[in-house]
Undergrad: 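Dropping a structure here in structure tokens format, bear with me for questions.
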Amino acid sequence: MNPFEQLDYLYTPSNDVAADARYFVDVLGGRLGFAVEGMGARVAMVELTSGPPHVLLTDHLEGDRPIYIYRVGDLKKATAALKKRGVKKQHSLEIPMGQCSSFVTPSGHRIALYELARPGVLDHFMGRKDF
């Protein structure tokens with residue numbers, strides 16, 4: 001059984017979120033969903049297509065690789081299934097949309113699963129421009 005429903009976000013490190021967001025919008029033709037600043041971090045969501053995955057640019061993410069954030073129907077079942085298949089060192093965390101579990105593949109790819117527990121939270125951020 002494959003627990004992955006959809007790749008919703010590419011959580012991407014950025015040294016200058018405002019400049020990167022402008023490039024994605026002005027040069028690549030994307031639409032700025034939001035640009036929020038809080039708790040010492042900046043995050044901008046850019047939509048390059050009408051549907052996911054959307055690009056989340058952030059200055060608080062370490063490393064050079066993005067995190068692929070996949071939506072799953074049941075996070076507990078999905079993480080258990082992946083553990084049985086050999087995924088090690090899953091880390092639990094919370095994202096605005098719900099509980100999340102992340103891990104790194106042996107070659108360094110970063111993947112996270114989340115269960116959409118708070119579907120209205122994205123609408124709350126849409127259109128917000130802190131920077």
Side-chain angles (χ1 to χ4, degrees):
M1 178 186 147
N2 185 353
F4 301 95
E5 288 184 0
Q6 180 171 293
L7 176 60
D8 281 348
Y9 304 102
L10 299 174
Y11 203 49
T12 308
S14 170
N15 292 324
D16 187 338
V17 177
D20 286 342
R22 277 192 305 277
Y23 186 88
F24 272 74
V25 171
D26 297 342
V27 177
L28 300 180
R31 182 177 90 72
L32 182 65
F34 61 77
V36 297
E37 186 168 10
M39 300 187 322
R42 284 183 161 188
V43 179
M45 185 182 86
V46 179
E47 299 171 310
L48 290 172
T49 60
S50 61
H54 301 303
V55 178
L56 293 171
L57 301 162
T58 184
D59 60 2
H60 72 273
L61 189 60
E62 293 187 22
D64 293 328
R65 289 190 179 196
I67 300 174
Y68 302 102
I69 302 180
Y70 286 90
R71 184 170 11 106
V72 298
D74 185 318
L75 184 61
K76 188 175 181 178
K77 286 181 182 178
T79 55
L82 291 176
K83 185 177 181 180
K84 284 183 182 179
R85 292 186 195 159
V87 172
K88 296 177 176 32
K89 297 184 183 177
Q90 295 183 56
H91 302 280
S92 293
L93 59 140
E94 194 80 16
I95 63 173
M97 295 70 145
Q99 179 118 16
C100 188
S101 177
S102 69
F103 59 93
V104 178
T105 68
S107 62
H109 296 283
R110 303 191 297 181
I111 298 174
L113 311 176
Y114 82 101
E115 185 175 336
L116 185 58
R118 294 182 289 276
V121 78
L122 185 58
D123 291 335
H124 171 74
F125 288 110
M126 293 303 281
R128 184 170 155 185
K129 294 183 178 125
D130 295 350
F131 57 92

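Scope of the values below: all heavy atoms of this structure, side chains included, with no hydrogens, waters or symmetry mates.
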Undergrad: Could you check whether the rings of H60 and Y11 sit parallel, tilted or perpendicular, using 30° and 60° as the cut-offs?
TA: perpendicular
Undergrad: Do V55 and D20 pass the side chain to side chain contact (heavy atoms under 4.5 Å, CB included) test, and can you show the C-alpha distance, the side-chain angles, and the key distance before you say yes or no?
TA: CA-CA 11 Å; V55 178; D20 286 342; over 6 Å; no
Undergrad: Is any side-chain heavy atom of E115 closer than 4.5 Å to one of K77?
TA: no
Undergrad: Taking atom NZ of K76 and atom OG of S101, what is their separation to the nearest 0.5 Å?
TA: 13.0 Å
Undergrad: Working note: L28 + Y23, criterion side chain to side chain contact (heavy atoms under 4.5 Å, CB included); need CA distance, chi angles, decisive distance, verdict.
TA: CA-CA 7 Å; L28 300 180; Y23 186 88; 3.9 Å; yes
Undergrad: Does L7 belong to the same Ile/Leu/Val/Met/Phe/Trp/Tyr cluster as V87, with side-chain heavy atoms less than 4.5 Å apart forming each link?
TA: yes
Undergrad: State the CG-CG distance between N15 and L57, to the nearest 0.5 angstrom.
TA: 11.0 Å
Undergrad: Write down the atom of T49, the atom of H54, and the distance for their closest heavy-atom approach.
TA: O-CE1, 3.9 Å
Undergrad: What is the minimum heavy-atom distance between L10 and P53, and which atoms define it?
TA: CG-CB, 4.2 Å
Undergrad: Should L93 and L75 be counted in the same cluster of Ile, Leu, Val, Met, Phe, Trp and Tyr side chains packed under 4.5 Å apart?
TA: no
Undergrad: With rounding to the nearest 0.5 Å, note down the distance linking CD in Q99 to CG in L113.
TA: 11.5 Å
Undergrad: More than 12 foreign heavy atoms under 6.0 Å from CG of N2: is that the case here?
TA: yes
Undergrad: With sequence neighbours left out, write down each residue that passes ring pair (Phe, Tyr, Trp, His ring centres under 6.0 Å) with F4, or none if nothing qualifies.
TA: Y70
Undergrad: What's the shortest heavy-atom distance between A78 and P3, and which atoms?
TA: CB-CB, 3.5 Å
Undergrad: Under 4.5 Å between side-chain heavy atoms, hopping through other hydrophobics if needed: is there a path connecting I111 to I67?
TA: no
Undergrad: Could you tell me if the side chain of L61 sits less than 4.5 Å from the side chain of L56, heavy atoms only?
TA: no
Undergrad: Is the number of heavy atoms from other residues, nucleotides or ligands within 6.0 Å of CG (D64) greater than 12?
TA: no
Undergrad: Of all heavy-atom pairs between R65 and S107, which one has the smallest distance, and what is that distance?
TA: NH1-O, 3.3 Å
Undergrad: Between D59 (side chain) and V17 (backbone), is there a donor-acceptor pair under 3.5 Å?
TA: no
Undergrad: Would you check if the side chain of S102 reaches a backbone N or O of Q90 as a donor-acceptor pair within less than 3.5 Å?
TA: no
Undergrad: Can you tell if the side chain of L32 reaches within under 4.5 Å of the side chain of F24, non-hydrogen atoms only?
TA: no
Undergrad: Working to the nearest 0.5 Å, report the span between CZ of F34 and CZ of R128.
TA: 9.0 Å
Undergrad: For the pair R71 and D8, find out whether any cationic side-chain nitrogen is under 4.0 Å from an anionic carboxylate oxygen.
TA: yes
Undergrad: For residues L122 and V46: do they belong to one hydrophobic cluster (side chain heavy atoms under 4.5 Å, members Ile, Leu, Val, Met, Phe, Trp, Tyr)?
TA: no
Undergrad: Output every pair passing salt bridge (Lys or Arg N to Asp or Glu O under 4.0 Å) with a member in residues 88-110, not counting sequence neighbours, ordered by first then second residue.
TA: E94-R118
Undergrad: For D130, is there any backbone N or O sitting under 3.5 Å from a side-chain donor or acceptor partner on E37?
TA: no
Undergrad: Any chance you could lay out the side chain to side chain contact (heavy atoms under 4.5 Å, CB included) test for M97 and I69, step after step, and finish with the verdict?
TA: CA-CA 11 Å; M97 295 70 145; I69 302 180; over 6 Å; no
Undergrad: Please evaluate residues V43 and F125 with respect to the criterion side chain to side chain contact (heavy atoms under 4.5 Å, CB included), reporting the C-alpha separation (whole Å), side-chain torsions for both, the decisive distance (0.1 Å), and the verdict.
TA: CA-CA 11 Å; V43 179; F125 288 110; over 6 Å; no
Undergrad: Within a radius of less than 6.0 Å around OH of Y68, do more than 12 heavy atoms belonging to other residues, nucleotides or ligands occur?
TA: no
Undergrad: Determine whether V36 and V121 fall in the same hydrophobic cluster, where Ile, Leu, Val, Met, Phe, Trp and Tyr are linked whenever their side-chain heavy atoms lie under 4.5 Å apart.
TA: yes
